[in-house]
Amino acid sequence: MIRNIPNKYTQQMLIDNINSTHENTYDFLYLRIDFKNKCNVGYAFINFVDVDSVVSFAKDRIGKRWSLFNSDKVCTLSYANIQGKQALIQKFRNSHVMEEDESFRPKIYYSSGDNKGKEEVRTTRTNRSRKSRVNPSSFQPFPAATEYFSYRVIKKKSSARYKSK
């Protein structure tokens with residue numbers, strides 16, 4: 001992960017910044033965005049295609065200030081819990097970010113071959129959105145549980161009625 005990114009950076013600005021020294025060395029990039037405040041949250045997921053690229057990027061960038069916006073923030077890297085292009089794709093495949101504008105979505109690039117570094121064309125979603133996975137109004141507990149809870153509610157109401165008289 002790339003950390004301490006100035007909040008005014010857009011994903012394209014970050015791509016341009018990385019590409020100035022490390023073009024075609026990564027195959028996944030996603031700058032996390034706070035859609036409420038319309039700015040990034042200061043970190044990005046990146047997957048470099050090989051270890052040498054990570055080492056080179058780290059030597060080149062760690063501890064150095066970002067070039068835009070006169071920010072005092074300095075670039076740092078950290079190990080993300082999710083590693084690898086396919087794992088990152090899987091993580092964000094059904095994320096709400098896939099419903100946002102194209103410029104906010106994760107960028108996926110070819111890792112090798114003649115197209116190395118070119119953006120892959122992918123569908124936006126493969127499954128239903130998280131919002132539609134569970135519709136609370138249609139949720140029903142198991143039938144046995146429904147009967148039990150209905151019985152308990154009726155029993156409480158009837159016993160409360162007799163106690164008040």
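These values consider heavy atoms only, across backbone and side chains, with no hydrogens, waters or symmetry-generated copies.
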Step by step, would you call Asp27 with Ile108 a side-chain contact (heavy atoms from CB on, under 4.5 Å)?
CA-CA 6 Å; Asp27 54 16; Ile108 303 165; over 6 Å; no
Please determine whether side-chain contact (heavy atoms from CB on, under 4.5 Å) holds for the pair Ile2 and Phe45, giving the CA-CA distance in whole Å, both sets of side-chain angles, and the decisive distance to 0.1 Å.
CA-CA 7 Å; Ile2 302 173; Phe45 293 91; over 6 Å; no
Pair Ser111-Lys85, side-chain contact (heavy atoms from CB on, under 4.5 Å): steps then yes or no:
CA-CA 9 Å; Ser111 307; Lys85 180 181 180 181; 3.3 Å; yes
Start with the C-alpha distance between Ile18 and Ile46, add both sets of side-chain angles, then the distance that settles side-chain contact (heavy atoms from CB on, under 4.5 Å), and finish with yes or no.
CA-CA 10 Å; Ile18 296 168; Ile46 189 167; 3.9 Å; yes
Check: residues 75-82 side-chain donor-acceptor pairs under 3.5 Å, at least two apart:
unit_1, atom_1, unit_2, atom_2, d
Thr76, OG1, Asn4, ND2, 3.4
Ser78, OG, Arg3, NE, 2.8

Tabulate below the donor-acceptor pairs under 3.5 Å that side-chain atoms of residues 31-39 make, not counting sequence neighbours, or state none.
unit_1, atom_1, unit_2, atom_2, d
Asp34, OD1, Lys36, N, 3.1
Asp34, OD1, Asn37, N, 3.4
Asp34, OD2, Asn37, ND2, 2.6
Lys38, NZ, Phe35, O, 3.3

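In the hydrophobic clustering (ILVMFWY side chains linked at under 4.5 Å, chained through shared members), Val51 is joined by Val55.
Residues in residues 56-80 take part in these salt bridge (Lys or Arg N to Asp or Glu O under 4.0 Å) pairs, two or more places apart or across chains: Arg65-Asp72.
Residues that satisfy the side-chain hydrogen bond (donor to acceptor under 3.5 Å, both in side chains) test with Asn40, not counting sequence neighbours, are absent from this structure. Qualifying side-chain hydrogen bond (donor to acceptor under 3.5 Å, both in side chains) partners for Asn24, counting only residues two or more places apart in sequence or in other chains: none. With sequence neighbours left out, the side chain to side chain contact (heavy atoms under 4.5 Å, CB included) criterion links Pro106 to Phe28, Tyr30, Phe92, Val97, Met98. With sequence neighbours excluded, the residues satisfying side-chain hydrogen bond (donor to acceptor under 3.5 Å, both in side chains) with Ser53 are Asp50. Residues satisfying the ring pair (Phe, Tyr, Trp, His ring centres under 6.0 Å) criterion with Tyr110, sequence neighbours excluded, are absent altogether. Every residue was checked against the side-chain hydrogen bond (donor to acceptor under 3.5 Å, both in side chains) condition with Thr25, not counting sequence neighbours, and none meets it. Legend: residues meeting side chain to side chain contact (heavy atoms under 4.5 Å, CB included) with Ser67, ordered by chain and number and at least two apart, are Tyr9, Asn17. Here Tyr109 pairs with Tyr26 under the ring pair (Phe, Tyr, Trp, His ring centres under 6.0 Å) rule; sequence neighbours left out.
A salt bridge is defined here as a Lys NZ or Arg NE, NH1 or NH2 lying under 4.0 Å from an Asp or Glu carboxylate O, and Arg105 with Glu99 fails to meet this definition.
Met13 places none of its side-chain heavy atoms less than 4.5 Å from the side chain of Trp66.
Rounding to the nearest 0.5 Å places CG of Asn19 at 8.0 Å from CD of Gln12. With rounding to the nearest 0.5 Å, the separation of NE2 in His96 from CD in Glu100 is 7.0 Å.
Linking ILVMFWY side-chain heavy atoms closer than 4.5 Å, directly or via other members, places Val49 and Leu88 in two distinct hydrophobic clusters. At a threshold of 4.5 Å between side-chain heavy atoms, the hydrophobic network of Ile, Leu, Val, Met, Phe, Trp and Tyr places Leu14 and Val74 in two separate groups.
Closest heavy-atom contact between Gln11 and Phe104: NE2-C, 4.1 Å.
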